[in-house]
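All values derive from a computational prediction rather than experimental measurement.
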Amino acid sequence: MIAVSSTTPLRYLIAIEQDHLLGRLFETVFVPTAVFEELTEARTPEKVRHRILASPAWFEVRSIRETSATTLPVALHKGERESILLAEMIRADILLIDEQADELLPRVGIYLSLGR
C-alpha cells in the first residue's frame, strides 16, 4: 500500500518516535514539496527536521503543481492542498491528514484522520 501524508501526522509520529510504523504499514509514504518544506523549516522541532532530512527508506518527496482549476477549500494550508492533489494524482491507498482538514474533504474518500 502507498500513502500520502500532510505535515501534522508525520510531525507528531516523529515527535513520539513512532514514525517507524509508517514503514511497516506502507510500502512508501509520499509527501508533496510543500509538506517537506514545512517539516524542514527552522521553526520545526530539530528532531523532526533531522528525521526528515535523513530520508527514511519509506519516505519520498514528490512535486505537485496547483492550478487555477484546483477546487479545494481555501481554508486548507498549502501542504494539505498539495497532499490531497498528490493523493488523487498517484491514486494513493490512503491520505494521512489532520482532524481539522478532514471535515473539509467530502470529495476525497481515501483519508485517515489522526487525532480524533
query: Taking the side chain from Lys47 and the backbone from Ala15, do they hold a donor-acceptor pair closer than 3.5 Å?
result: yes
query: Does the side chain to side chain contact (heavy atoms under 4.5 Å, CB included) test come out yes or no for Leu95 and Ile84, once each step is laid out?
result: CA-CA 7 Å; Leu95 170 62; Ile84 294 164; 3.8 Å; yes
message: Less than 4.5 Å apart, side chain to side chain, heavy atoms only: is that true for Gln18 and Leu21?
response: yes
- request: For residues Arg62 and Ile90, determine if any side-chain heavy atom of one lies less than 4.5 Å from a side-chain heavy atom of the other.
  value: yes
query: Under 3.5 Å, is there a donor-acceptor pair between the side chain of Asp93 and the main chain of Ala3?
result: no
- prompt: Do Leu10 and Phe59 have side chains that get closer than 4.5 Å, going by heavy atoms?
  reply: yes
field: Heavy-atom check, side chain of Trp58 versus side chain of Leu22, under 4.5 Å
entry: yes
message: With a 3.5 Å distance limit and no angle check, can you tell me whether Arg49 reaches the backbone of Thr44 through a side-chain donor-acceptor pair?
response: yes
field: Worked check of side chain to side chain contact (heavy atoms under 4.5 Å, CB included) between Glu80 and Ile97
entry: CA-CA 7 Å; Glu80 292 164 337; Ile97 197 156; 4.2 Å; yes
- request: Show your working on side chain to side chain contact (heavy atoms under 4.5 Å, CB included) between Arg24 and His20 and close with a plain yes or no.
  value: CA-CA 7 Å; Arg24 291 184 182 166; His20 66 280; 3.8 Å; yes
message: Are His77 and Ser6 packed together at the side-chain level, in the sense that at least one heavy-atom pair is separated by less than 4.5 angstrom?
response: no
task: First locate atom OG of Ser63, then atom CE of Met89, and finally report the distance between them rounded to the nearest 0.5 Å.
output: 8.5 Å
Residue of the set Val35, Asp19, Leu39, Val31 for which side-chain contact (heavy atoms from CB on, under 4.5 Å) holds with Ile52: Leu39
- prompt: Heavy-atom distance under 4.5 Å between the side chains of Val48 and Tyr12, does that happen here?
  reply: no
query: Among side-chain atoms of Glu38 and Thr7, is any donor-acceptor pair under 3.5 angstrom?
result: yes
task: First locate atom CZ of Phe36, then atom OG of Ser55, and finally report the distance between them rounded to the nearest 0.5 Å.
output: 7.0 Å
query: Does some side-chain heavy atom of Leu96 sit less than 4.5 Å from a side-chain heavy atom of Val4?
result: no
message: Working to the nearest 0.5 angstrom, can you tell me the gap between Arg51 CZ and Leu13 CG?
response: 11.0 Å
message: Side chains of Phe30 and Leu86, heavy atoms from C-beta outward: is any pair under 4.5 Å?
response: yes
- prompt: Within the distance-only criterion (no hydrogens, no angle test), does the side chain of Glu82 pair as donor or acceptor with the backbone N or O of Ala34 below 3.5 angstrom?
  reply: yes
- prompt: For atom CD of Glu41, is the number of surrounding heavy atoms from other residues, nucleotides or ligands below 6.0 Å larger than 12?
  reply: yes
